[in-house]
Amino acid sequence: MIAITVTVDADHLDDIEAVGAALRQRGMRVDQVLHTIGIISGAVGEEDRAAIESVPGVQSVETENVVQIPPPDANPQ
């Protein structure tokens with residue numbers, strides 16, 4: 001699964017819970033719904049990403065970048 005952030009369009013902000021439910025039905029694991037800014041974060045299988053992008057109310061879907069920092073005692077080179 002890949003971590004994603006979904007931006008909900010302005011016309012669907014009042015229905016963000018319904019958008020979240022539709023995302024779940026299409027395979028997204030919804031971790032957080034930020035009502036005030038119209039963001040839904042979670043994870044989805046790569047094969048379900050296109051289905052997520054087609055949900056009414058979804059403005060954009062962005063893959064979250066993961067940064068790993070080596071432990072303090074690791075030799076960086």
Side-chain angles (χ1 to χ4, degrees):
M1 292 190 82
I2 55 172
I4 60 171
T5 300
V6 175
T7 303
V8 177
D9 67 33
D11 293 337
H12 290 84
L13 288 178
D14 290 339
D15 297 324
I16 195 168
E17 288 297 330
V19 175
L23 294 171
R24 285 184 189 95
Q25 289 178 342
R26 287 172 177 80
M28 181 177 174
R29 183 192 75 221
V30 174
D31 295 332
Q32 191 172 28
V33 178
L34 302 172
H35 295 86
T36 56
I37 59 174
I39 298 290
I40 300 173
S41 63
V44 68
E46 188 68 43
E47 66 278 0
D48 293 325
R49 184 177 173 134
I52 296 298
E53 293 172 342
S54 69
V55 170
V58 171
Q59 179 176 324
S60 66
V61 178
E62 296 180 31
T63 302
E64 294 181 13
N65 295 326
V66 178
V67 177
Q68 292 184 335
I69 299 172
D73 58 345
N75 184 3
Q77 297 192 7

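More than 12 heavy atoms of other residues, nucleotides or ligands lie within 6.0 Å of CD1 in Ile37, so this atom counts as buried by the packing criterion.
Met1 and Val6 fall into different hydrophobic clusters, where Ile, Leu, Val, Met, Phe, Trp and Tyr are joined by side-chain heavy atoms under 4.5 Å apart, directly or via other members. Side-chain heavy atoms closer than 4.5 Å link hydrophobic residues (I, L, V, M, F, W, Y) into clusters, and following such links, possibly through other members, connects Val30 to Ile52. Hydrophobic clustering of Ile, Leu, Val, Met, Phe, Trp and Tyr side chains at less than 4.5 Å, counting indirect connections, keeps Ile39 apart from Leu23.
No side-chain donor from either of Thr5 and Glu62 sits under 3.5 Å from a side-chain acceptor of the other.
Looking at Glu46 and Ile2, their side chains come closer than 4.5 Å, going by heavy atoms from C-beta outward.
To the nearest 0.5 Å, atoms CG (Asp48) and CE (Met28) are separated by 11.0 Å. Between atom CD1 of residue Ile40 and atom CD1 of residue Ile16 there is a gap of 4.5 Å, rounded to the nearest 0.5 Å.
Arg29 meets the side-chain hydrogen bond (donor to acceptor under 3.5 Å, both in side chains) test with Asp31; sequence neighbours excluded.
Asp9 places a side-chain N or O within donor-acceptor distance of the main-chain N or O of His12, the cut-off being under 3.5 Å.
What you find for Arg49 and Ile4 is that their closest heavy atoms are NH1-CG2, 4.4 Å. Closest of all the heavy-atom pairs between Leu13 and Val8 is CD2-O, 4.0 Å.
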